[in-house]
Participant: 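Can you read through this structure? Questions will come right after.
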Amino acid sequence: MKNIKTKLLIIGSGPAGYTAAIYSARANLNPVLVAGLQPGGQMTITTDVENYPGFGDVIQGPWLMDQMKIQAEKVGMSFQNDIINKIDLSKKPFKAIGDSGTEYLADSIIISTGAQARFLNIKSEKKFIGYGISACATCDGFFFKDKDVAVIGGGNTAAEEALFLTKFASKVTIVHRRDSLRSEKILQDRLFKNSKINFIWNKTVNEFVGKENDKSLDKIILKDVNSNDLSELKVDGVFVAIGHDPSTNLFKGQIDMDEDNYIITKSDSTLTSIEGVYAAGDVQDKTYRQAITAAGMGCMAAIEAEKYLAKNT
């Protein structure tokens with residue numbers, strides 16, 4: 001088994017992880033960053049980014065993550081294309097085991113594992129994931145060129161997915177369980193002005209139904225939240241955009257979390273319930289969920305880890 005010893009182990013490679021790596025590397029901590037299942041995090045499935053400070057023109061999410069990685073490596077980050085599948089936070093040095101078999105020993109850890117897209121958990125849903133159902137418009141929107149699609153949800157994620165899908169689909173129907181959207185006003189304005197976008201209010205998805213061969217999606221059965229009446233919507237594809245769940249299964253039972261499994265950090269800090277372990281980004285942020293706030297927390301975590309290590313190693 002290969003062993004890698006480091007003062008600071010960063011788990012996860014989104015804006016929080018890369019920013020933490022940049023700051024800690026510049027502090028001569030020689031951090032080791034383990035990329036995880038999706039190197040670059042959710043930003044790698046985000047195309048147009050127009051709200052990240054410093055860029056007058058629209059930039060691409062994957063490009064931004066590549067730039068962060070390049071910058072972090074230039075100042076001393078060690079990038080490991082591995083997935084942590086086991087961790088022991090009960091004693092120091094902390095020990096993590098990668099899918100590669102590599103054992104990572106660290107004096108301090110920054111958790112920046114982010115969050116994953118949430119699905120509806122309807123029995124008929126699993127059958128069509130990848131066969132008409134997706135949680136990523138930027139990944140799969142191209143496959144629905146000149147098709148009719150539906151977006152489930154009413155927040156920023158749903159609004160962004162719907163707007164992106166209008167580049168390909170002939171018609172986009174937003175299905176929302178309430179009678180108004182929760183997304184930012186600027187996004188709502190864009191939705192209502194777009195002739196390709198329609199709305200179905202006060203409905204939830206009751207069932208997904210396939211075509212005769214049952215291998216591709218044909219329609220969704222909707223249920224009225226007030227009357228319980230059922231109705232059909234013929235679609236070629238459905239994009240589920242109802243939020244995300246934090247990627248914290250690895251740490252359950254070892255670190256304090258809230259009822260939604262987000263890691264709890266101390267007020268005005270990224271420190272977790274374990275001394276020397278910090279959490280940054282969407283893994284602990286259920287309020288903002290923005291690349292810029294994740295990056296800011298990555299900076300905070302690196303500075304706090306550096307101070308901890310200066311006192312304790």
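Below, each value reflects all heavy atoms present in this structure, side chains not excepted, and no hydrogens, waters or symmetry copies.
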Participant: Indicate yes or no for a side-chain donor-acceptor contact from T44 to the backbone of G40 under 3.5 Å, with no hydrogens or angles considered.
Facilitator: no

Participant: Between S183 and N156, is there a donor-acceptor pair closer than 3.5 Å when you use the side chain of the first and the backbone of the second?
Facilitator: no

Participant: Are more than 12 heavy atoms, taken from residues, nucleotides or ligands other than Y131, located less than 6.0 Å from that residue's OH atom?
Facilitator: no

Participant: Taking all heavy atoms of F128 and all of V209, pick out the closest pair and write down the distance.
Facilitator: CZ-C, 4.0 Å

Participant: Any side chain to side chain donor-acceptor pair (under 3.5 Å) pairs touching residues 193-205, not counting sequence neighbours?
Facilitator: K203-D224

Participant: According to a 4.5 Å side-chain heavy-atom criterion applied to Ile, Leu, Val, Met, Phe, Trp and Tyr, with indirect links allowed, do I11 and Y278 form part of one hydrophobic cluster?
Facilitator: no

Participant: Please round to the nearest 0.5 Å and tell me the distance separating atom CZ of R118 and atom CD1 of I242.
Facilitator: 6.0 Å

Participant: Take I152 and F119, measure what side-chain contact (heavy atoms from CB on, under 4.5 Å) needs, and give me the verdict at the end.
Facilitator: CA-CA 10 Å; I152 313 300; F119 284 93; over 6 Å; no

Participant: Could you grab the distance from atom CD of Q116 to atom NE2 of H244, nearest 0.5 Å is fine?
Facilitator: 8.0 Å

Participant: Same cluster for L29 and L271 if Ile/Leu/Val/Met/Phe/Trp/Tyr side chains link at under 4.5 Å?
Facilitator: yes

Participant: Is there side-chain contact between L33 and S13, with at least one heavy-atom pair below 4.5 Å?
Facilitator: yes

Participant: Strictly distance-based, threshold 3.5 Å: is any side-chain N or O of T173 a donor or acceptor partner for the main-chain N or O of F199?
Facilitator: no

Participant: Would you say Q254's side chain and I87's backbone share a donor-acceptor pair under 3.5 angstrom?
Facilitator: yes

Participant: Determine the sole option in E50, E160, E184 for which the salt bridge (Lys or Arg N to Asp or Glu O under 4.0 Å) test with R190 is passed.
Facilitator: E50

Participant: What I want to check is whether the side chains of S170 and D148 have a donor and an acceptor closer together than 3.5 Å.
Facilitator: yes

Participant: Please name the pair of heavy atoms, one in D282 and one in P246, separated by the smallest distance, quoted to 0.1 Å.
Facilitator: O-CB, 4.3 Å

Participant: Nearest 0.5 angstrom please: M77 CE to Y18 OH, how far?
Facilitator: 6.0 Å

Participant: Do other residues, nucleotides or ligands put more than 12 heavy atoms under 6.0 Å from F142 CZ?
Facilitator: no

Participant: Between E161 and K167, does any side-chain N to carboxylate O distance fall below 4.0 Å?
Facilitator: no

Participant: If only atom types and distance count, is the side chain of T102 paired as donor or acceptor with the main-chain N or O of G98 below 3.5 Å?
Facilitator: no

Participant: Keeping the roles fixed (side chain from E125, backbone from L120), state whether a donor-acceptor pair exists under 3.5 Å.
Facilitator: yes

Participant: Between T248 (side chain) and N261 (backbone), is there a donor-acceptor pair under 3.5 Å?
Facilitator: yes

Participant: Where is the tightest heavy-atom contact between N206 and I122, given as atom of each residue plus distance?
Facilitator: O-CG2, 3.8 Å

Participant: Under the side chain to side chain donor-acceptor pair (under 3.5 Å) rule, what pairs show up with a residue in residues 284-312, not counting sequence neighbours?
Facilitator: K92-Y308, D258-K286, D260-K286, Y262-R289, T265-Q284, S269-E304, T270-E304

Participant: Could you tell me whether the side chain of L8 reaches within less than 4.5 Å of the side chain of I110, counting heavy atoms only?
Facilitator: yes

Participant: What about I186 and I174, same hydrophobic cluster or not, with Ile/Leu/Val/Met/Phe/Trp/Tyr joined at side-chain heavy-atom distances under 4.5 Å?
Facilitator: yes

Participant: Using side-chain heavy atoms (C-beta onward) and a distance below 4.5 Å, is L9 in contact with V34?
Facilitator: yes

Participant: Transitively linked via ILVMFWY side-chain contacts under 4.5 Å: V235 with V172?
Facilitator: no

Participant: Check whether any side-chain heavy atom of F79 sits under 4.5 Å from a side-chain heavy atom of E73, and report yes or no.
Facilitator: yes

Participant: Would you say I263 and D256 make side-chain contact, with heavy atoms under 4.5 Å?
Facilitator: no

Participant: Hey, are the side chains of I220 and E207 touching, using non-hydrogen atoms and a 4.5 Å cut-off?
Facilitator: no

Participant: State the CD1-CG distance between I97 and N85, to the nearest 0.5 angstrom.
Facilitator: 8.0 Å

Participant: Which atoms form the tightest heavy-atom contact between A21 and P31, and what is the distance?
Facilitator: O-CG, 3.8 Å

Participant: Nearest 0.5 Å, what's the CG-OG distance between L37 and S247?
Facilitator: 8.5 Å

Participant: Any side-chain heavy-atom pair from Y104 and K95 closer than 4.5 angstrom?
Facilitator: no

Participant: Could you check whether any side-chain N or O of D82 sits under 3.5 Å from a backbone N or O of S100, counting only pairs where one atom can act as donor and the other as acceptor?
Facilitator: yes

Participant: Supply the atom-to-atom distance L89 CG to L250 CG, rounded to the nearest 0.5 angstrom.
Facilitator: 8.0 Å

Participant: Donor-acceptor pair, distance only, cut-off 3.5 Å: does the side chain of S134 make one with the backbone of F239?
Facilitator: no

Participant: Side-chain heavy atoms nearer than 4.5 Å, only ILVMFWY residues, links allowed to pass through others: does that put V175 and F144 together?
Facilitator: no

Participant: The test is side-chain contact (heavy atoms from CB on, under 4.5 Å); show your working for S108 and V277 and say whether it passes.
Facilitator: CA-CA 6 Å; S108 184; V277 179; over 6 Å; no

Participant: What are the two closest non-hydrogen atoms of G141 and L165, and how far apart are they?
Facilitator: CA-CD2, 3.8 Å

Participant: With a 4.5 Å limit on heavy-atom distance, are the side chains of F208 and V238 in contact?
Facilitator: yes

Participant: Looking at residues at least two apart in the chain, or sitting in another chain, which of them share a ring pair (Phe, Tyr, Trp, His ring centres under 6.0 Å) with F143?
Facilitator: none

Participant: Assess whether side-chain contact (heavy atoms from CB on, under 4.5 Å) is satisfied between V49 and F55, documenting all intermediate values.
Facilitator: CA-CA 9 Å; V49 176; F55 300 95; over 6 Å; no

Participant: Minimum heavy-atom separation for G132 to L217, with atom names?
Facilitator: O-CD2, 3.8 Å

Participant: Run F251 and M257 through side-chain contact (heavy atoms from CB on, under 4.5 Å) and show every step you take.
Facilitator: CA-CA 9 Å; F251 312 101; M257 302 179 190; 3.8 Å; yes

